[in-house]
Amino acid sequence: MNAMPMLSDVHTSGSVFLAAALILCMASPLFCFAILAVDGLIRKRVKETFVSRISRIVAGTQLTASIVVSAALADRGFRPFQLLAIPGIPIFLDWTAAVYMTLVGFIGWIVVSYSERYMHREPGYRRFFICLMIFLFGMSLIVLGGALDTLFIGWEIVGLASFLLVGFYVGRPKAARHALRTFMTYRLCDVGLLIGAILTHALYHSGMFEVIDGRHIGSVATDGVTPPMLIGLSALIFLAAAGKGAQFPFSGWLPRAMEGPTPSSAVFYGSLSIHCGVYLLLRTEAIWGVSITSRYLLFGWGALSALLAQITASVQPTVKGHIAWSSTAQVGLMFCELALGWHVIAVIHMVLHSLLRCYHLLTSPSSVASTFS
Amino acid sequence: MNSQPDVSEASTEAPAEAQGFGLQSLQDILEYYSAVLPVVEPIGEFIHYNTLQAFLGTPFEEALFQARNIYGARPYMPLAFYRSKLNDGAISLEVLQAIVQKRTPSGHDSSAYLNMLQGSSRLYDPSEILAAISDFNENERLIWQQLERFFPSSFFNEGAKRRNFLESTRVREVSARLSDDRRRPLRDLWTPCLGERIDWLANPIFYRMLAGFLDQGVASWELPGTDECFFDASRKLLFSGMFPDPGEINFAELSTHEAILALLANLIGDKSLWPRYLKEVILTSPGWSSLVAQLARKGERLQQRRRIHLGDLVACSIMIEYAMVRGVYGVEDRIGALLCGPDSARSEVPFATNDPLSFEEARRLVLFDVFELIRSVPFKADATDHEGVLHKLLTFCMDTADVDLERTWHEAFESTYYHSVLDIVVPRAKTVAAAGIELAARPERDPLVPLAMNSVQMVFCLDDRECSMRRYVEKLDPATRTYGMPGFFGMDMMFLGAGRQYPEKYCPVPMMPRHIAVEEAIPHGPSNFSGRKLQRIKKRSKPRAMLAPIRLLQLWLTPGWHAASMGKSKNSSATRIQFHARRPSRSIGGGLTSDGFEQVHGYQLGYTHVEMADRVESALRSMGMTSGFAPLILIVAHGSSAMNNPYYAAYDCAACSGRQGIPNARVFAGMANDPDVRRLLAVRGIHLSEEIKFVGAFHDTARDDFHFYDLDDIFKLERAPGPAAQALIGIRKVLRKAAGLNAIERCARFEKAPKNLTPRKALREVRLRATALFEPRAELGHATNAACVVGRREMTSGLSLNRRSFLTSYDPRQDPEGRYLAGILGAAIPVCGGVNLDYFFSRVDNQVYGSGSKLSHNVVGMIGVANGVDDDLQTGLPSQMVELHDPVRLLFVIDQDPRVVRKVIDDSPLLKNWVDNQWVRVSCFDPQSGAVSFLDARGIVPWAPGEVLP
C-alpha cells in the first residue's frame with residue numbers, strides 16, 4: 001500500500017504552499033461560521049455590515065485559495081496530491097477536485113456578494129450567512145475529502161445546510177414541511193452512502209480514494225470481491241448520488257425546495273448541491289466503473305430520470321419549478337455521460353450547467369419583464 | 001368607471017339562506033365575493049388599486065373592520081409602531097392631546113386616556129398578567145390589593161352586571177384573540193379520516209392546475225383544455241386517470257354551478273354550512289380567487305385568453321377534495337355528520353372552544369388595565385371620591401379595546417402630518433393669493449409671463465417622485481417653470497408599440513379609450529440640421545434598448561462599468577408614432593369607424609385635428625398654461641428601469657395604467673406642434689407662435705436621467721438652432737445637475753448608500769442600484785406618499801415636501817366653474833388615492849394585504865408571484881416596497897373655492913364616495929378669502945390653523 005505523505009514528510013515548498021491553500025479552502029468557511037455563531041450568541045441585534053464583510057472576506061479567501069490550488073496542481077502536472085495534515089481528515093486533490101473546488105469558491109463568492117445586498121433588512125440575515133458558511137464548509141469536505149468517510153461527513157453537513165435554508169422562513173408552515181421532506185430524502189439516500197462506505201472499507205480495506213483509485217479489477221477479484229458485491233456497492237453509491245441529485249424516484253424534493261430566498265435556491269439547487277451526486281460518482285468511478293452491469297444500471301437510471309424530468313419540466317408553470325426540473329434532467333444526462341466513461345465531458349457539463357442554473361435562478365424575478373418588454 | 005358592483009349595502013357576511021340553497025344563492029355568493037375581493041391583475045400590468053376598493057361606499061373606518069371580519073387583517077398598525085413614532089417626533093404630543101380631548105367619552109378623564117395610550121402595556125395573556133402581578137414591588141402590591149378590595153368578584157357578578165362585564169369591549173376583544181383567531185375551516189374535519197389536513201393533499205394539485213391553465217408562457221406544453229372553460233378542463237384532467245372516479249356524480253352532464261351544488265350535497269349534507277364552506281374555499285386562496293374574479297371581468301388582461309370565473313375555481317377545488325376524500329381515501333361520511341356526529345372517534349371537532357377567558361381571568365385583566373392607569377398617578381390622599389374615580393376608570397377600561405387606542409393613535413399620526421403640510425402650504429398660498437389679487441388689476445406685471453428668451457416650461461407627471469426633481473430644476477434655473485398633470489397628458493389612447501402584437505392602454509384605468517396610436521420604425525435618415533451641439537443632443541438622446549440578460553461575470557464583477565455603459569446610447573432604430581386620423585381612400589383590413597376613419601384593433605387610429613385641439617386645449621387650460629409660453633415646452637413622461645424585479649410595472653406611471661408614458665408625451669408634443677392644431681387653438685384663445693416647440697421627453701426615475709424624442713421631426717426645418725433648440729441645449733445641462741442633486745436627496749433614504757455624497761457619486765450610486773441584479777430596492781417608488789397639492793406652482797415652489805406630495809398644476813383663476821378641475825380630480829383622486837391606499841394597506845398588514853418578502857417569490861405563469869411552486873398567489877406590495885412607508889391617507893390641498901370643489905365632487909358618484917367616506921382627505925384653500933376648509937360627508941367644514949382637524 002502506498003504510504004501517505006505526512007505534512008512533515010513534504011519537503012518541497014510548493015507542496016507546503018499547496019497544502020496551506022487546501023487547508024485554507026476548508027478552514028475559512030468553518031472559521032467564518034465560528035465567528036458568526038459567536039456573534040449570534042453575543043449580539044442580539046444583527047450588525048449587517050459586520051456579517052457581510054466577514055462573509056465576503058472569507059468567500060474571497062476561499063475563492064483565491066481554490067484558484068491557487070488549481071494553479072499549484074497544474075504546476076505539478078496534475079498529479080494527484082494527498083495530504084493528512086489534520087488527523088482524521090485526509091485531503092485528496094486531483095484535477096476534478098480542483099475544478100469543482102474552484103467552482104464552489106466562485107459561486108460561493110458570487111452568492112455571498114449577491115446576498116449582502118439582497119438580504120438587506122431581512123430578518124434572519126445573520127442566520128442566512130451562517131447556513132451558507134456551513135454549506136461551504138460541507139462542500140469543501142465533499143470536494144477535497146480524501147476518503148469516503150470524509151466525503152460522507154461533508155455530505156451530511158451539506159444536507160443539514162440545505163434543510164436549514166429551505167426552511168429559512170420559519171413563519172411559513174409549508175417551508176418547514178418542504179425542508180423536512182428535503183432532509184428526509186437526503187437521509188434516506190445517505191443510507192446508501194453510509195453502507196457503501198462501510199462496504200468499501202470491508203472490500204478495499206481502506207476508504208481512501210488514492211487507494212481505491214489504484215486498484216484494478218484483477219486484484220479485486222483475487223481479494224475475494226465478487227461481482228455481485230461490487231454491483232451491490234455500486235448500487236448503494238448510485239442511491240446516494242440519486243438522492244442528492246434529485247434523480248428518479250427521489251425528484252420530489254427539488255421543486256419543493258424553492259421555498260427559501262432566491263440566492264440560497266441558486267447556490268444549492270441550481271449549482272452546487274445538486275451536482276454533489278455527480279461528483280460522488282466521479283470520485284468513486286474506480287468502484288462502480290469496473291463492472292459493466294453497474295454502468296448499464298447507471299446509464300438507465302440517468303436516462304430514465306432525464307426523460308421523466310424533461311417531460312415534467314415542459315409543463316411547469318412556474319419559473320423556479322421549471323428550472324428545478326430542468327436541472328434534474330441535466331444531472332440525469334451527466335449520469336449517462338459518466339456511465340459511458342466520458343469523464344471529462346461530464347466535468348465540463350457540470351461546470352457549465354452550474355454557472356447557467358445559478359444565473360437563471362438569480363435572474364428569475366426578471367422573467368416577467370423580459371417577456372413583456 | 002370599473003365594472004365592479006358596489007357592495008356598500010351588503011353586510012360582511014355573504015347572503016345566505018338556510019333552507020333552499022339553490023343556484024340563485026350560489027350565484028349570489030359568488031358574485032358577492034367577486035365584488036369584495038381586491039382587484040388583482042397580472043403582474044406585468046401591475047396597477048396600484050385600493051385594496052378595499054369594494055368598500056368605497058362605506059366610511060373608511062367602518063370598512064377597515066368589515067375587511068377584518070372577512071380577511072382577518074389588522075385595521076391599524078400595532079401600538080408599538082405609534083409609540084415609537086411619538087418618540088421620533090413624527091407624532092406631535094400636542095396633536096395627540098387635542099385628539100384625545102376630542103375622543104374621550106364624556107364623563108371620563110382625558111388624562112387617563114392619554115396615559116393608557118402612551119404607557120399601558122396592554123397585556124392580555126392571563127399567564128403573563130399573573131406573572132406581572134407576582135413581580136410587583138411593595139407599593140404596587142398595596143395598590144393592587146386596594147383595587148381587589150374595591151372590586152371583588154361579587155362586584156362583577158350581580159345579575160346584569162355580569163353580562164355587561166363579559167360582553168364588554170375589552171373582554172370580548174381578548175377572548176377573540178385567545179381563542180382560535182379564525183375558526184378552523186370545515187375542511188379540517190376530514191383530518192382524522194385522512195390522517196393529514198386535506199389542504200396539504202389537495203392544494204398542490206389545485207394550485208398547479210390553476211397555474212397551468214392560466215400560464216402565459218412559462219411551460220413549453222400547454223395544459224390540455226385551455227380552449228375550454230376551466231371547469232371542463234379540470235374535470236377532464238382529474239377524472240381521466242389522475243384520480244379514481246368515485247362515480248357518484250356525473251360531472252360531464254353538469255354545468256359549473258350545478259356541479260358545485262352536487263358536490264356540496266355530497267360532501268357536506270347540512271345546507272346551513274354551505275355558505276360558510278364556500279367562503280372558506282374562496283378565501284383559502286385569496287390571491288388566485290382575486291385574480292380569477294378580475295379575469296372573469298376583463299379577460300383581455302391576458303394575452304392568451306382563458307375562460308375562467310370564480311365558480312370554476314370553486315368547483316375545481318371542491319372536485320379535488322371530493323376525489324381525494326371519496327375516491328382515494330374512501331371516506332363515506334359527510335362533514336355535517338362529522339361536525340356533530342355521535343361517533344366519538346370521529347367527532348374530534350377541531351374548533352369547539354371553551355371559554356378562552358375564565359371569569360377570574362377576565363376580572364384580573366380589567367383590573368390590571370385599571371392598575372396600569374393608576375400606578376403612576378399618585379392618589380391624592382385627601383380626595384373624597386376614590387371609589388367614584390375608580391369606578392369611572394373601570395368602566396373606561398372595560399370599554400376600551402386595543403383597536404380603539406390604535407384608532408386614536410392613527411388619527412394623531414395622520415393629523416400631525418396634515419398639520420405639517422398645511423402649516424407650510426397655507427401661508428404660502430395666502431401670499432400667492434394676495435399677489436394674484438393684486439396682479440389681476442395689472443396683468444402686464446404677471447410673474448407668470450416668462451421674460452427670458454431661452455426659458456423652458458416643463459410639464460411633469462404629478463408623481464410624488466417628480467416633486468424633488470422639479471424643485472431642483474427650478475432652483476438651478478429660475479427661468480424654468482414646471483407644471484404637473486396626470487402623466488397620460490390627456491391622451492386617452494391605446495398604444496401599439498413597434499413590433500408588438502397587442503395594443504395596451506396608456507391612460508388611467510377608469511377610462512375607456514376609443515383611439516389608438518401606432519408606432520412604426522423608420523430608417524435612419526440624414527439629419528437636417530446643423531450645429532454641433534444639437535447633433536450631440538440627438539445622438540445621446542436615443543432611447544435606450546431594454547437591457548438583455550448579459551454575461552454572468554460582467555454584471556456581477558463590474559456592476560459599475562455596466563451601469564455606466566448602459567447610459568451610452570445603444571443602437572436602436574428610431575420610431576415614429578402615427579396619431580393622425582386618416583380616411584383611407586380604399587378599404588383596408590382594420591375596418592372603418594362609423595365616421596369613416598381607419599381602425600386598428602377596433603380602435604380609431606389617431607385623432608382628428610378637432611379632437612387634438614380639444615385635448616391640448618383642455619390640458620393647457622387645466623394647468624393654467626394659456627399665455628406667456630416659453631420657446632421650449634418639455635412634456636416629461638416618467639418610468640423606471642429597475643432590474644430583476646417582477647413588480648417593475650408598479651414603479652412606472654400609474655396614470656398610464658402602469659406603463660412608461662413615453663408615447664403619451666410624444667403624441668402630445670406632436671399634437672401641440674401641429675400647425676393645423678395651432679390654428680384651431682388660436683381660434684379658441686391659445687396662441688402658440690411658430691418658434692414655440694413642444695418636445696416629448698422621458699425621465700427615468702430609477703436612474704435619474706432624461707431622454708428626448710422626435711428631435712429630428714421637431715427641428716427638421718431649422719437651419720440654425722432657434723430659440724427652442726438653444727433652450728434645449730441649455731436645459732440639458734440643468735437637468736443633469738438637477739439629477740445629481742435629486743440623487744443625493746434620494747440616497748439619504750437608502751440605508752446602504754454612503755453618506756456625504758457629491759452629485760456625481762450619488763448618481764453613480766442610484767444607477768448602480770438600478771442596474772444591480774441583487775438590489776431589491778432599486779428605487780423607493782411611491783413609498784412615503786402622503787399629500788396631493790392641486791394648485792398653482794407658486795404655492796409649493798421651493799417648499800421641501802420631502803418627495804411625499806403629488807403636485808398638480810391648476811389655475812383657479814382660469815377655471816371659475818371648476819370644469820377643468822373635474823377632469824383633474826376625476827383622474828387624480830382615483831389614481832393617487834389608489835396608490836396611497838395600496839401602500840397603506842400593504843404596510844398595515846403585509847401578510848394579508850401585501851405579498852410578504854419578495855426574496856422567496858417565484859414567478860407563476862408570468863401573471864403573478866407565489867412562494868414556492870405550489871402556493872397561493874401573493875398579491876399586493878412586497879415588504880421591501882412598503883417598509884419605509886408611513887400609512888397615512890392622502891391629503892388633497894386644492895387651490896379653489898370649496899363650493900366649486902364640492903360641486904365637482906358631488907357631480908361624480910365615484911368621487912363622492914372617495915371624499916365623503918374619507919378614503920382621501922380633501923382640504924380646500926379659498927384663494928379669495930384665504931380660508932381653509934375640509935370636505936367630508938357633512939359638506940364643507942371650515943378649519944382654522946391650530947384647531948383639531950375635522
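Below, chains carry the letters A, B, ... as their sequence lines are ordered, and counting in each starts from 1.
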Would you mind telling me which of A/R177, A/M258, A/K174 has the largest number of heavy-atom pairs within less than 4.5 Å of chain B? A/R177

Student check: side-chain heavy atoms of B/L223 and A/V315 closer than 4.5 Å: no

Would you give the length of the straight line joining atom OG of A/S367 to atom CE of B/M862, rounded to the nearest 0.5 angstrom? 4.5 Å

Measure across B/V869 and A/G321 and return the closest heavy-atom pair with its distance rounded to 0.1 Å. CG1-CA, 3.7 Å

Is it true that a side-chain atom of A/R117 and a backbone atom of B/A772 form a donor plus acceptor pair closer than 3.5 Å? no

Any chance you could measure A/T318, atom OG1, to B/R208, atom CZ, to the nearest 0.5 Å? 8.5 Å

Pair count under 4.5 Å, heavy atoms only, with chain B: among A/E122, A/E116, A/R256, highest is A/E122

Reported CG-to-OG1 distance for the pair B/L773 and A/T262, which is rounded to 0.5 angstrom: 11.5 Å

Under 4.5 Å from any heavy atom of chain A - which part of B/Q880: side chain

Under 4.5 Å from any heavy atom of chain B, what part of A/H322 do you find: side chain, backbone, both or neither? side chain

Between B/N645, B/V865, B/L855, B/V218, which has the largest tally of heavy atom pairs under 4.5 Å with chain A? B/L855

Closest approach of B/P646 to A/V368 (non-hydrogen atoms, all atoms of both residues): CB-CG2, 4.4 Å

Candidate list B/D215, B/D870, B/I863, test side-chain contact (heavy atoms from CB on, under 4.5 Å), partner A/P317, passing option: B/D215

Against chain B, label A/P263 side chain, backbone, both or neither, depending on which of its atoms sit under 4.5 Å from a heavy atom there. neither

Between chain B and each of A/E259, A/R121, A/Q316, count heavy-atom pairs under 4.5 Å; write down the option with the most. A/R121

Of all the residues in residues 200-207 of chain B, which have a heavy atom that comes within less than 4.5 Å of a heavy atom in chain A? B/W200

Quick check on A/R43: does its CZ atom have over 12 non-hydrogen neighbours (other residues, nucleotides or ligands) under 6.0 Å away? yes

A/F168 versus chain B, the contacting section by heavy-atom distance below 4.5 Å: neither

Which atom of A/S314 lies closest to which atom of B/A219, heavy atoms considered: O-CB, 3.4 Å

A/Y118 side chain reached by B/P776 side chain, heavy atoms, under 4.5 Å: yes

Chain A shares the most heavy-atom pairs under 4.5 Å, among B/H857, B/E883, B/K854, with B/E883

State, yes or no, whether a side-chain contact exists between B/W221 and A/I311 at a heavy-atom distance under 4.5 Å. yes

Check whether B/R777 gets within reach of chain A through its side chain, its backbone, both or neither, counting any heavy atom under 4.5 Å. side chain

Assert top hit (heavy-atom pairs under 4.5 Å, partner chain A, pool B/G497, B/S856, B/A866) equals B/S856

Going from CZ on A/R172 to OG on B/S853, what distance comes out if it is rounded to the nearest 0.5 angstrom? 8.5 Å

Main-chain N/O of B/N867 paired to A/K320 side chain as donor or acceptor, under 3.5 Å: no

Gap separating the NE2 atom of A/H120 from the CD atom of B/E751, nearest 0.5 angstrom: 4.0 Å

Within a 6.0 Å radius of atom NZ on A/K44, are there more than 12 heavy atoms belonging to other residues, nucleotides or ligands? no

